[in-house]
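Just below is one structure, and these are the notes that go with it.
Labels below follow one simple rule: chain letters A, B, ... track the order of the sequence lines, proteins then strands, and each chain is numbered from 1. Computed from a predicted model, the values in this text were never measured in an experiment. Only this structure's heavy atoms are used, side chains among them; waters, hydrogens and symmetry mates stay out.
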Amino acid sequence: MNQKFAGVKGMNDLLPGEIEIWQHVESTAHAVLARYGYSEVRTPVVEDTALFVRSVGETTDIVGKEMYTFDDKAGRSLTLRPEGTAPAARAYIEHSVQNLEPVSRWYYVGPMFRYERMKTGRYRQFFQLGVEAYGIAEPAEDVEQMELVTHLLARLGLTGVSLNLNSLGDDACRPEYQKKLVGYLEAHREALCAECKERLTRNPLRVLDCKNERCQEIARGAPSILEMLCQPCQAHFAEVQRLLGVLRVPYVLNPRLVRGLDYYTRTAFELVAADPVLGTASAVGGGGRYDKLVESLGGSAVPAVGFALGLDRLCLLAKAAGQVPTGRPELFVVTVGPAARDRALELATGLRHAGHRVELDARGGSVKSQMKRADKSAATYALVLGDQELAEGVAQLKPMAGGEPVRVALDRLEATLTELKQS
RNA sequence: GCGAUCAUAGCUCAACUGGCAGAGCACCGGACUGUGGCUCCGGGGGUUAGCGGUUCAAGCCCGCUUGGUCGCCCCA
């Protein structure tokens, strides 16, 4: 008895009918990123476990409970990447890219893995488009990226996504703020949810974006980090906002925005969609500045800023927005008899080489059934070629939308198709 | 990780208090021996998610497993 297999929970197949929207989203992204001077990089799906522990942060949910970690046969602890920034930084450092060029603008597209309870828009294998710029500390770079992502979403026809913005300070001011925040939260300790009591000691900033209503109430009264930024952070943040204004990029200031990863400094932003198709999985992207990451992973002090978009969610939104592209053949070749089929194969091949999209079904069959296939393929024209036509050196070109078939000389086919395509 | 809920053809769903597993759509073919869509006729397709239990008899009742969906949590 043959066993029937099922895919691994939370990891999906993308089949024709579904893949088109992905190709549309990805090709749009490739085109937009190229215009902003970004180059694609590809790094392995598996990395040294310690890379994520050290960069993402031991107290984060990702490292604490969501990683796919295993030992290989040599006993190394490896992890299926849960995010792309750390692997990119690792590659950047490993290849000493900072010595080759002062500024690098990279992006990547690929699967990420997190062991989580799944639901709409959240999978155990999901796809991210990540964008990383190394070597520029200026706020203009942060803004360029936020404008880029805003533009990309617009190109995809996605409205109703808002840009949330905050600054998380840096080593100079965040510890100070954190101390003050803990002081405030300690005073309300009893009212916090169980998890937040835990966060209070492990990662107090995360209390700020707890979804629990009572915690939110308390968070609203908490001191704002924006009032405690050190002078350089404050100047940076002010410039970010000024330039967003210059470029007319709409954003919402959200002093309680905290990212789920530890490596961020200064600018942090998140893209939140209003569309109900995503349910509670409303974040479609997020990012920020991580000026200390490269150094903390053993590289030199290279400032960087980046963000990631969740492609699964983007595709859900694009589909809901009716952005489903359709591809249809120009020509579907219908043949009658073996001699005609040989000639048709030749013709189809020649037309394809000339750049036309042509389909032909080798199963043959009655003209009727071949016409049905032509109809189903949504081809613009059917080309009927049988012994009668062959004897005269012509074929019938029939518009599938309706209308009379036209007789076209076989040696005029390519030219005729090209003309029709242009008109 | 916690809670709720669901699982019958490729899809959407029927099947009485337990009694021969069905329809629509989709797919394929024919009516028209060389011309699609509309109509009519026919056909293929199911261990009723899986395993076990109760029963003369289980799609239906019970248990377990797996998977989907929703909420909590978190994020992309």
Side-chain angles (χ1 to χ4, degrees), chain A residues 1-12 15 17 56 60-66 82-85 109-130 149 161 193-196 198-199 203 206 209-213 215 257-261 270-273 276 278-287 307-317 332 334-337 340 363-390 395-405:
Chain A
M1 188 65 82
N2 291 330
Q3 188 187 348
K4 210 160 143 189
F5 288 101
V8 175
K9 181 180 169 115
M11 307 200 182
N12 301 315
L15 304 182
V56 175
T60 60
D61 288 335
I62 291 176
V63 171
K65 48 191 188 191
E66 297 173 359
E83 61 101 41
T85 294
V109 180
M112 305 294 160
F113 303 85
R114 294 182 199 173
Y115 193 92
E116 285 190 284
R117 192 76 171 86
M118 32 165 326
K119 50 182 302 185
T120 307
R122 190 171 71 190
Y123 313 106
R124 289 181 173 180
Q125 174 182 268
F126 61 102
F127 289 79
Q128 280 192 337
L129 166 70
V149 73
V161 178
C193 69
E195 201 150 350
C196 279
E198 174 74 11
R199 289 190 181 113
N203 201 345
R206 298 213 56 81
D209 74 344
C210 179
K211 303 298 183 295
N212 182 292
E213 232 169 85
C215 296
L257 171 63
V258 180
R259 303 283 299 145
L261 296 74
E270 214 164 89
L271 295 142
V272 183
L278 293 182
T280 49
S282 57
V284 295
F307 68 89
L309 288 172
L311 293 181
D312 305 78
R313 292 176 185 181
L314 237 42
C315 288
L316 282 173
L317 287 177
F332 192 100
V334 172
T335 66
V336 191
R363 288 174 304 172
S366 68
V367 171
K368 184 187 188 67
S369 64
Q370 291 188 70
M371 283 302 294
K372 279 189 180 174
R373 288 175 208 154
D375 187 51
K376 231 191 99 203
S377 76
T380 312
Y381 298 97
L383 187 80
V384 181
L385 187 66
D387 295 334
Q388 294 165 24
E389 288 81 5
L390 208 53
Q396 292 180 46
L397 188 63
K398 180 169 181 173
M400 294 302 289
E404 286 306 300

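A side-chain contact (heavy atoms from CB on, under 4.5 Å) with L129(A) is found for one member of L314(A), V149(A), V109(A) and no other, namely V109(A).
Nucleic acid contact class of E66(A) (heavy atoms, under 4.0 Å, all strands): sugar-phosphate only. The residue F127(A) sits apart from the nucleic acid: no heavy atom pair falls under 4.0 Å. Among the heavy atoms of the strands lying under 4.0 Å from M118(A) are primed sugar atoms or P, OP1, OP2 only; no base atom is included. Counting non-hydrogen atoms under 4.0 angstrom, R259(A) reaches the backbone sugars and phosphates but no base. At the heavy-atom level, D312(A) lies nowhere under 4.0 Å from the strands shown. Residue contacts for G17(A): at a heavy-atom cut-off of 4.0 Å it reaches no nucleic acid atom on any strand shown.
For the C1' atoms, the distance linking rA26(B) with rC73(B) amounts to 40 Å, nearest Å. On the C1' atoms, rA76(B) is 47 Å away from rC38(B), given to the nearest whole Å. For the P atoms, the distance linking rC6(B) with rC64(B) amounts to 15 Å, nearest Å. Rounded to whole Å, the separation between the P atoms of rA7(B) and rG50(B) comes to 14 Å. With both ends at atom C1', the span from rA9(B) to rA49(B) equals 14 Å, rounded to whole Å. The separation of rU39(B) from rC56(B), taken at their C1' atoms, amounts to 49 Å, rounded to a whole angstrom.
What separates NZ of K119(A) from P of rG67(B) is a distance of 18 Å, to the nearest Å. The CZ-P distance, from R117(A) to rG1(B), rounds to 9 Å in whole Å. Rounded to whole angstrom, the span from the NZ atom of K372(A) across to the P atom of rG43(B) amounts to 16 Å. Going from atom CE of M371(A) over to atom C1' of rC38(B) covers 15 Å, rounded to whole Å.
Between K368(A) and the phosphate of rG36(B), there is a side-chain N or O to OP1/OP2 separation shorter than 4.0 Å.
Taking CG of L383(A) as the start and CD of E389(A) as the end, the distance is 9.0 Å to the nearest 0.5 Å.
Below the 3.5 angstrom threshold, one finds a donor paired with an acceptor across the side chain of E389(A) and the base of rG34(B). Residue side chain R206(A) does not reach the base of rC75(B) through any donor-acceptor N/O pair under 3.5 Å, judged by distance alone. Between the side chain of E116(A) and the base of rG1(B), no donor-acceptor pair under 3.5 Å is found.
Distance from the side chain of K398(A) is smallest for rU35(B) among the nucleotides rC73(B), rG29(B), rU35(B). Which of rG1(B), rA31(B), rA76(B) sits closest to the side chain of A283(A) comes down to rA76(B).
With contacts defined as side-chain heavy-atom distances shorter than 4.5 Å, the pair V334(A)/V367(A) qualifies. Put simply, the side chain of V56(A) reaches to within 4.5 Å of the side chain of E83(A), judged on heavy atoms. A heavy-atom distance below 4.5 Å is found between the side chains of R122(A) and R313(A).
Helical stems involving RNA chain B, defined as 3 or more consecutive Watson-Crick or G-U pairs under 3.5 Å, span B:1-7 with B:66-72, B:10-13 with B:22-25, B:27-31 with B:39-43, B:49-53 with B:61-65.
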